[in-house]
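As C-alpha cells, the structure follows; a few thoughts come after it.
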2 protein chains.
Amino acid sequence: MPVTIKDIARAAGVSHTTVSRALQDNSAISAETTARIKKLAQEMGYTPSAVAQSLLSQRTLTIGMVVTTIADPFIIQLMDGVEQVAKAAGYSVFLSTSHNDPEQEIAVVDTFQRRRVDGIIVTSSRVGSVYSSRLDKIQVPIVLINNQEEGDFLHTVAVDDVQGAQLAVEHLLGQGHVQIAYVGAPNRPKSNRRRLAGYEAALRQAGVYLNPEFVLAAEAGNDLERGQEALDLLLTVGATAVFCYNDITAIGLVMAAAEQGITIPQELSVVGFDDIEPASYVTPSLTTIRQPRSKLGQLAMQMVLDLLHEQEVQDQSLACELIVRQSTGPVPGVIPSR
Amino acid sequence: MPVTIKDIARAAGVSHTTVSRALQDNSAISAETTARIKKLAQEMGYTPSAVAQSLLSQRTLTIGMVVTTIADPFIIQLMDGVEQVAKAAGYSVFLSTSHNDPEQEIAVVDTFQRRRVDGIIVTSSRVGSVYSSRLDKIQVPIVLINNQEEGDFLHTVAVDDVQGAQLAVEHLLGQGHVQIAYVGAPNRPKSNRRRLAGYEAALRQAGVYLNPEFVLAAEAGNDLERGQEALDLLLTVGATAVFCYNDITAIGLVMAAAEQGITIPQELSVVGFDDIEPASYVTPSLTTIRQPRSKLGQLAMQMVLDLLHEQEVQDQSLACELIVRQSTGPVPGVIPSR
DNA sequence: TTGTACGCGTTATCAA
DNA sequence: TTGATAACGCGTACAA
C-alpha cells in the first residue's frame, strides 16, 4: 500500500492537514516544518494519489481517445499530437480501439464516462450522430477528428479534403494533363464526396470539361484492390493521369501498372492522398497530399482544453500540403506549363 | 455534475446503501425494489464513478503503457494486443510516449504512479535497469517488451531474435547462398547482438565459414541510411545475399540498389526483419521475418494480469515467422537445394 | 429486507 | 502557524 499523508503526519508528529499544506507550499506553514515534511515525504517515497484528488476536485485531468482501426498507420501520429498537448497541460490519455465497430465505440465511450474523463476525442467515427443524441448523458466535451458521417455534429477537427484534392489535381493540370481520372472510396462517404468536389473544382477552374466517365466506378471492398481494379477502367476511358482517394489505393494502382508493364510516370501519372510511410518507399515513389497528422491531434486536444475552460471554439479545417515525388510527370509530348 | 447513488436514493425514498446493493444485484434486496431502483438509475442516466470505486477498492483497473517513439509503425499493433487483453479483463490503458528520452520515460512512469495504475508496460526501453533500482518505490508489476538494455531485468516479453535471424539466414542458405552479409543496428545493442548471433549460428550449422568481413560496418545514424551505406560495403566484400537488422534498413539497401542498377533478387538477395507495412509495397517486395506484434502485446498484458493475481510468471520469448516475397532468389547459376 | 456508520486519500473551511 | 472536521462517491460490517 502506498504511503499517504497520514503516514507522513504520524512520522512528523503533526496533523495530516499540515502535511497536505506543506506539500502545497502553503504560506501558512512555517518554512521550517515545510522543509522537514518535504524531506520526510521524499524519504518515505510519497506519491500523491490522483484518485483521491479527483474525487474531491471532480476532475480527473484525463481524456479518452477512441481510434477506429489499427490498420491505419495514421493513428500514432494523431495520438502523438494529442498527447503532446495533453501532457503539457497535465492531462493523461486513455487510448482505446473500437475496431470500426459502432457498438464497441459506444462501449468505449461508456467506459470513459465511468472513469470520469474530462473530455473525449474520437477519430474517423462513422457514428458521430450518436453523440449528438446522447449528449445530455455525456457530460464532457467531445471532439471528433475526421468524422466520417455526413452532417455537422458537435465539435470537429478535420483535414480540408476539398483543398487537398484541388492541390493534387492542380499539380496534374500544371503538368499538362487534362484527361484526369478519380478513384474514390465509397465507404468513406464524407471525405470521398469532398475530395471529389475538390477534383471537380480544380478542373472547372481550369476550364476543363468534367467527363463523368473519369470518375471511376471501382467497387472492391478494400483500398488496395480498388486501386488495382481502377487501372483497367482507367485505360478504357483513356486518362493520362489519376488522382486516388488515398495512398493505399494509389499503391494498388501502381502495383497493377507494374504488372501490366505500364510505366509511371511516362505513360500514367498518379497522385495519392495521406502521405503514409510506404508512399515514399514504393517504386516509383508516390506524389501525394500530406495530411498534417500531428497537428490534427494537437488541435483536437487544444479544442478539448478550450471547451473545458468554457471558451468559444470553432470547428477547424486544416490545409494539406502537396508532396511531389516520382509518380507524376508531364503528359507525353507536352511541355509542362511551368 | 453526474448523478450519484445518493441522488437515486433520494428519488426512490431509500438509503444510498440500498441503491448500491440493488445495482449490484445483491440478493438481500427484494426483487421489486431492485427493479424499481435499476429503472430509476437508467432513467436518471446514472454511471458509477470509477474514481470513487478505486479509492475504496485500492485498484484502478488501469494500466499504463509507455512507448518510446512514434517513428515505429510497430507500436499500434503492440498496443492493440495489449488493449484486447486489457479490455477483456476490464482494464483501461493509459498510453504515453517517451520519445526515446530516458528522462521523459521516468516522468511518465511517475505520472502513472500518481494515477495509481495497477501495472505498467514499457516497450523498447533503453533504461530497463532504472526499474530494478526503483522497484521498491514502484509498487506495481512492470513488464518490458523488447527491452533494449543488456542484462535481465524484471519481467520481459520479447521476440526471439536469434531464432528469427536463423530463419532468415537458413532461407538464404536454402537458395544456395554462402556469401551472406549482415547489416546491424549499433543503437539497439541487445537485439542487434542476438540477431547477429542467429546469423552466425545458422552459418555455423551449415558449415559455412564465418567471414568477419561480411558483418558490415555501416554506421549511419538512421536505419534507412545505414542500408544505403551498406550496399557499397557489400559489393566490396562480394556477398550475394544480405540479411538486414530490420525492414527499414533493407528498404534503404533496395533503394540504393535500384539507383545503381543492381537487380534484386537476380544479382543480390535481401532479407529484412519486422514485416512492417512498407515491406509488402516496395519493389521488389521484401522477404522478411515477421514479428508477432499483436501477440507480444497480448502476452505482456497477460503477464501483468498474472502478476496482479500473484501467479508465477516466466519471461517469454516469441518465435518469428519467415515471409517469403520477391527480394530473395537463387544464387546466379546455382540450382537451389529445394 | 433495509438502514447507519465508517473509511478509502485528499483538500477546504473554520476555529484555535 | 496549526488542527479538527467535513466532504467528494462508493462499498461494507454491523445493527435493526
Side-chain angles (χ1 to χ4, degrees), chain A residues 1-38 40-41 44-62 90 111-118 139-140, chain B residues 1-38 40-41 44-62 90 111-118 139-140:
Chain A
M1 299 303 106
V3 178
T4 73
I5 51 172
K6 284 190 186 171
D7 297 326
I8 301 175
R10 210 170 302 126
V14 297
S15 77
H16 76 273
T17 309
T18 301
V19 175
S20 173
R21 288 206 262 250
L23 294 176
Q24 293 173 76
D25 283 316
N26 187 315
S27 60
I29 306 294
S30 74
E32 189 190 6
T33 35
T34 298
R36 188 164 57 94
I37 287 173
K38 280 195 171 178
L40 212 48
M44 297 174 71
Y46 171 74
T47 310
S49 163
V51 176
Q53 290 172 332
S54 296
L55 186 58
L56 199 57
S57 66
Q58 301 285 56
R59 303 183 315 160
T60 55
L61 295 180
T62 276
T111 301
F112 285 164
Q113 286 200 260
R114 282 208 352 266
R115 299 207 176 274
R116 296 291 189 268
V117 298
D118 293 338
Q139 317 235 8
V140 301
Chain B
M1 301 300 106
V3 179
T4 74
I5 51 172
K6 283 191 189 171
D7 296 326
I8 301 176
R10 208 171 305 125
V14 297
S15 76
H16 80 271
T17 308
T18 302
V19 175
S20 173
R21 290 197 181 115
L23 294 177
Q24 292 173 79
D25 284 317
N26 186 315
S27 60
I29 305 295
S30 74
E32 190 189 5
T33 36
T34 298
R36 188 163 57 95
I37 288 173
K38 281 195 170 178
L40 212 48
M44 298 175 68
Y46 172 74
T47 311
S49 163
V51 175
Q53 289 172 333
S54 296
L55 187 57
L56 200 55
S57 66
Q58 300 285 57
R59 303 184 314 160
T60 55
L61 295 179
T62 275
T111 301
F112 286 164
Q113 286 200 260
R114 283 208 351 268
R115 299 207 176 274
R116 296 292 189 266
V117 298
D118 293 338
Q139 316 235 7
V140 300

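Predicted, not measured: the structure shown is a model, and the values here were computed from it. Hydrogens, waters and symmetry mates play no part in the numbers below; they use all other heavy atoms, side chains included. Convention: sequence-line order gives letters A, B, ...; per-chain numbering from 1.
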Are OP1 or OP2 of [N] and a side-chain N or O of [X] less than 4.0 angstrom apart?
| X | N | result |
| --- | --- | --- |
| A:Lys6 | C:dC8 | yes |
| B:Thr4 | D:dG9 | no |
| B:Ser30 | C:dT2 | yes |
| A:Gln24 | C:dT10 | no |
| A:Ser49 | C:dT10 | no |

Closest contact, heavy atoms only, [X] versus [Y]:
| X | Y | value |
| --- | --- | --- |
| A:Ala11 | A:Met44 | CB-SD, 4.1 Å |
| B:Gln113 | B:Gln139 | NE2-N, 4.3 Å |
| B:Val51 | A:Thr60 | CG2-CG2, 3.9 Å |
| A:Asp118 | A:Val140 | O-CB, 3.5 Å |

Hey, does [X] reach any base, or is it just sugar-phosphate, or nothing, if we go heavy atoms under 4.0 Å?
| X | result |
| --- | --- |
| B:Val51 | nothing |
| A:Pro2 | nothing |
| A:Thr33 | sugar-phosphate |
| A:Ser20 | base |

Please confirm whether any donor atom in the side chain of [X] sits under 3.5 Å from an acceptor in the base of [N], or the reverse.
| X | N | result |
| --- | --- | --- |
| B:Thr17 | C:dT4 | yes |
| A:Arg116 | D:dG9 | no |
| A:His16 | C:dT11 | yes |

Specify the separation, in whole Å, of atom CD1 of A:Ile8 and atom C1' of D:dG3.
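So the CD1-C1' distance, A:Ile8 to D:dG3, works out to 17 Å.
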A:Asp25 has an atom CG; how far is it from atom P of D:dT2, in whole Å?
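Answer to the nearest Å: 14 Å.
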Where the side chain of [X] is concerned, which of [options] is the nearest nucleotide?
| X | options | answer |
| --- | --- | --- |
| B:Ile5 | D:dC10, C:dT2, C:dC14 | D:dC10 |
| A:Gln53 | C:dT10, C:dT1, C:dG7 | C:dT10 |
| B:Arg21 | C:dG3, D:dC10, D:dT2 | C:dG3 |

Set out, in order, the CA-CA distance, both residues' side-chain angles and the distance that settles side-chain contact (heavy atoms from CB on, under 4.5 Å) for A:Arg115 and B:Thr62, then state yes or no.
CA-CA 10 Å; A:Arg115 299 207 176 274; B:Thr62 275; 3.4 Å; yes
